[in-house]
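Would you mind keeping the following structure in view while I ask a few things?
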Amino acid sequence: MANEYNVIVIGGGPAGYVAAIRCAQLGMNTALVDDFIGKQGKPVLGGTCANVGCIPSKALLESTEAYENIVKSSKVHGISVNEVTVDVAAMVTRKDKIVASMSSGVEQLLKANKVTWLKGRGRLLPEKQVEVTDHKGKTKTYQSENIIFATGSSPVEIPSAPLTDDVIVNSSGALDWDSAPKRLGIIGAGVIGLELGTVWRRLGSEVTLLEAQDIFLPMVDQEIGKEALRQFSSQGLDIRLSARVTSSIVEKGVVNLTYSDPEGEHTLSVDRLIVCVGRRPCSENIAAPETDLLIDEGGFIHVDDNCETNLPGVYAIGDVVRGPMLAHKGSEEGIVVAERIAGNHAHVNYDAIPSVIYTHPEISWVGKTEEELKASGEDYNAGVFPFAASGRARAMNDANGMVKVLINKQTDRILGVHIIGPQSSEIIGQAVMALEFEGTSEDIASTVFAHPTLSEAFHEAALGADGRAIHIVNKKRK
Ligand code: NAD
C-alpha cells in the first residue's frame with residue numbers, strides 16, 4: 001500500500017540520515033522526513049551539522065588558521081611574505097560551497113539507497129502514523145512499523161540577551177558575516193564560543209567571552225583545561241569567568257552589556273554579540289498528546305539503553321535524547337537502532353565517545369578525567385608527555401600542549417586519554433580504539449608507532465603512566 005513504510009525517520013541530521021541509510025541497507029522500506037531550509041531558501045539535508053554547525057564552522061576554522069599561519073609563522077620557516085590580505089566574504093562563500101556539497105551529498109546517498117525524502121515537518125500520531133506538513137501547510141499521513149525521532153537540538157536563548165536580526169546572534173548567525181566586527185562579545189565560553197571566538201579573533205576582532213561558571217571548561221580534565229585557558233588567553237581571547245550577563249541594550253548598532261561577577265557589576269560595549277550558552281532538544285509538538293510519548297522536563301525524549309521510547313517500535317536518537325550532543329554519538333545510535341530493528345545485536349559504548357574542541361591547539365578527550373577518578377576513589381596512575389619533547393611537533397613549529405593517559409593502577413587498563421595539542425582530533429581516534437578494545441598501557445607501550453609522528457606522544461604518555469617514558473625524565477606525579 002502507498003504511504004506505508006517499514007521505517008520512518010524524523011530528522012535528517014547525522015543521527016537521522018545515518019539511521020535511514022542503514023535501515024535501507026538492511027532491506028527496509030525507509031522514508032526520512034525533514035523540513036530544514038538552507039541558506040538558498042530550499043529544503044536541505046544534513047541538519048545542523050552539515051548546514052550551520054560542524055562543517056561550516058570547520059571550514060571557517062581551516063581558512064582562518066591558514067591565514068594566521070601565513071601571518072604569524074612564515075618568518076619562523078624562513079618564508080617572507082610581503083602583503084597578506086584577507087577576503088572574509090570569499091571565505092564565507094567557500095564555506096557555503098562546502099555546505100552545499102555536503103548536504104547534496106547526503107541527498108545523493110539517500111537516493112542511491114532508495115530512501116524516500118518526505119519534505120516537511122513530521123509529527124507522531126497514534127497507531128504509529130506520521131503526519132507530514134509541508135511548507136505550504138499541506139498535510140499527508142503515513143503509516144510505519146517503526147519510527148525513529150532524530151529531531152536534534154537548537155540554540156538556547158536567554159532573556160538577558162534576546163537575538164536581533166544582525167547584532168545579537170546565535171551560533172548560526174555568526175557564520176555569515178562578511179567582515180570581522182571590531183569588538184566581539186560572546187556569552188558562554190563553551191565549545192561553540194571558543195571555536196567561533198577563535199575564527200573571529202584570527203580575522204581581527206577583539207574577542208571577549210563572558211562565562212557564567214567559575215571553572216573554565218569544567219567537562220575537560222583540568223590539567224588540560226588550565227593549559228587551554230593559558231594558551232587561549234595568550235592568543236588574545238579575553239575570557240572572563242564567573243561573569244553572568246544581566247542585560248543587553250542595542251543602541252546605534254552597539255550592544256551595551258551589563259554583567260556581574262564576584263567583584264560587582266560591570267559594563268561592556270561590543271559591536272556584535274554571539275549567544276552560545278548551550279543547546280536544547282527539539283521536541284516541541286513532535287507527537288500528538290494522545291500518543292503519550294514520554295518527554296522529560298528538559299525536553300529530552302525518554303529512551304532506554306537501546307534508544308527505544310516508552311512506545312514500542314518508536315525510537316529516538318541524537319541530541320533529542322540523553323548523552324552528549326555530538327554528531328558521532330547520534331550517528332552511532334542511528335546505526336544501533338537500525339540493526340536492532342533488523343533483529344541484529346548492537347549497542348553504543350557510551351564510555352568510549354570522543355569529544356573534540358576544534359580550536360588551535362585542538363582539545364580532544366575520551367574516558368574519565370583525573371577529577372572524576374579522584375571523586376570515585378579509583379586507584380590510578382597518570383602519564384603526561386609534552387609536545388615540546390616531540391620531534392615532529394617541533395618540526396611543525398607547533399609544540400604546545402600535552403597528552404595525558406590515565407590508567408588503573410592495579411589492572412593497567414586505560415581509563416582516559418586527554419590531549420591538548422596539534423591535530424589531537426586525529427590522535428584521539430587511537431585512544432578511542434584502545435578504550436573500545438579494553439586496552440592497557442602495556443598494549444600501547446608494546447605497539448610500534450611511526451617516527452616522527454605526533455601520535456608518538458600518545459605512546460610516550462602511556463609509557464610514562466608506568467614511569468618508563470624514554471624522551472622525558474620520568475617524575476612522580478602524586
Ligand atoms: P556548551 O555547553 O559547550 O557551553 C555553553 C557555556 O555557556 C557553558 O560553559 C555555560 O556555563 C555558559 N553559560 C550558560 N548560560 C550562561 C550565561 N547566562 N552567561 C554566561 N555564560 C553562560 O554549549 P555550546 O558551546 O553552546 O555548544 C552546544 C552543544 O553543541 C554542546 O553540547 C557541544 O558539545 C555541541 N557542539 C560540539 C562541537 C564539537 O564537537 N566540536 C561544536 C559545537 C557544538
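Since the structure is predicted, the reported quantities are computational estimates derived from the model, not experimental observations. We count ligands from 1, going down the list as the structure has it; atoms in each ligand are counted the same way.
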(Q) Check this for me: N349, atom CG, are more than 12 non-hydrogen atoms of other residues, nucleotides or ligands nearer than 6.0 Å? (A) yes
Q) Does an N or O anywhere in R244 fall below 3.5 Å from an N or O of ligand 1? A)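 For ligand 1, there is no N or O atom that lies under 3.5 Å from one belonging to R244.
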Q) Got the closest protein heavy atom to atom 41 (N) of ligand 1, with its distance? A) V356 O, 2.8 Å
Q.
Among all the protein's non-hydrogen atoms, which is closest to atom 21 (N) of ligand 1, and how far away is it?
A.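 In this structure, atom 21 (N) of ligand 1 has A212 N, 3.1 Å as its nearest protein heavy atom.
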Q: Output the list of atoms in ligand 1 that are nearer than 4.0 Å to some heavy atom of Q213, sorted by atom number.
A: 8 (C), 9 (O), 10 (C), 11 (O)
Q. In terms of atom number and element, which parts of ligand 1 are under 4.0 angstrom from non-hydrogen atoms of I187?
A.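 Reading through ligand 1 atom by atom, the close ones are 17 (C), 19 (N), 20 (C).
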Q. For atom 38 (C) of ligand 1, which candidate among I158, T359, V191 holds the nearest heavy atom?
A. V191
Q. In terms of residue, atom name and distance, what is the protein heavy atom nearest to atom 26 (O) of ligand 1?
A.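 For atom 26 (O) of ligand 1, the nearest protein heavy atom is G278 N, 2.9 Å.
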Q: Identify, for atom 16 (C) of ligand 1, the protein heavy atom at the shortest distance, and state residue, atom and that distance.
A: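 Looking only at protein heavy atoms, the one closest to atom 16 (C) of ligand 1 is V277 CG1, 3.5 Å.
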**Q.** Under-4.0 Å heavy-atom contact with ligand 1, by part of L210 that carries it
**A.** backbone
Q | Geometric N/O contact E195 with ligand 1, under 3.5 angstrom | A |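 Such a contact does occur with ligand 1.
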(Q) Can you report which non-hydrogen protein atom sits closest to atom 43 (C) of ligand 1, along with the distance? (A)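 Protein heavy atom at minimum distance: I192 CG1, 3.3 Å.
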Q.
Using salt bridge (charged side-chain N to carboxylate O under 4.0 Å, His left out), reason through K58 and E195 one step at a time and then give a plain yes or no.
A. CA-CA 9 Å; K58 259 81 272 173; E195 291 184 356; 2.9 Å; yes
(Q) Counting only heavy atoms from other residues, nucleotides and ligands, does the tally under 6.0 Å from CZ of R279 exceed 12? (A)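 Yes, the 6.0 Å shell around CZ holds more than 12 heavy atoms from other groups.
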Q.
Is atom 31 (C) of ligand 1 near the protein, in the sense that some protein heavy atom lies at less than 4.0 Å from it?
A. no
Q) Judged by non-hydrogen atoms, does P218 sit under 4.0 Å from ligand 1? A) no
Q) Is the number of heavy atoms from other residues, nucleotides or ligands under 6.0 Å of Q40 CD greater than 12? A) no
Q) Take atom NZ in K404; do more than 12 heavy atoms of anything else shown fall under 6.0 Å from it? A) yes
Q) Does a side chain donor of either S269 or N256 reach within less than 3.5 Å of an acceptor in the other side chain? A) yes
Q) Taking only heavy atoms of A243, which atoms of ligand 1 are found under 4.0 Å from at least one of them? A)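 Selected atoms, number and element: 20 (C).
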Q) Closest heavy-atom contact between L60 and L175? A)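 Heavy-atom minimum between the residues: CD1-O, 3.8 Å.
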Q. Which protein heavy atom lies closest to atom 35 (C) of ligand 1, and at what distance to 0.1 Å?
A. M325 O, 3.5 Å
(Q) Looking at non-hydrogen atoms alone, which of G188, P354, A327 comes nearest to atom 7 (O) of ligand 1? (A) G188
Q. Please state which protein non-hydrogen atom is closest to atom 6 (C) of ligand 1 and give its distance, to 0.1 Å?
A.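 Looking only at protein heavy atoms, the one closest to atom 6 (C) of ligand 1 is E211 OE1, 3.6 Å.
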**Q.** Nearest protein heavy atom with distance in Å, relative to atom 4 (O) of ligand 1
**A.** G190 CA, 3.3 Å
Q: Using atom types as modelled and distance alone, determine if a side-chain donor or acceptor of E107 lies under 3.5 Å from a backbone N or O of G46.
A: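 No: the side chain of E107 does not pair with the backbone of G46.
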Q) Are the side chain of T369 and the backbone of D221 linked by a donor-acceptor contact shorter than 3.5 Å? A)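 Checked: no pair found.
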Q: Indicate the ring-plane relationship of F216 and F232, choosing parallel, tilted or perpendicular according to the 30° and 60° boundaries.
A: perpendicular
Q. So with a 6.0 Å cut-off around CZ of R394, is the heavy-atom count from everything else above 12?
A.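 For R394, atom CZ is not crowded (no more than 12 foreign heavy atoms under 6.0 Å).
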**Q.** Atom CD of E284 with >12 non-hydrogen neighbours under 6.0 angstrom
**A.** no
Q: Run the numbers for me: atoms of ligand 1, each under 4.0 Å from some heavy atom of Y358, listed by number.
A: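 Ligand 1 atoms under the 4.0 Å threshold to Y358: 41 (N).
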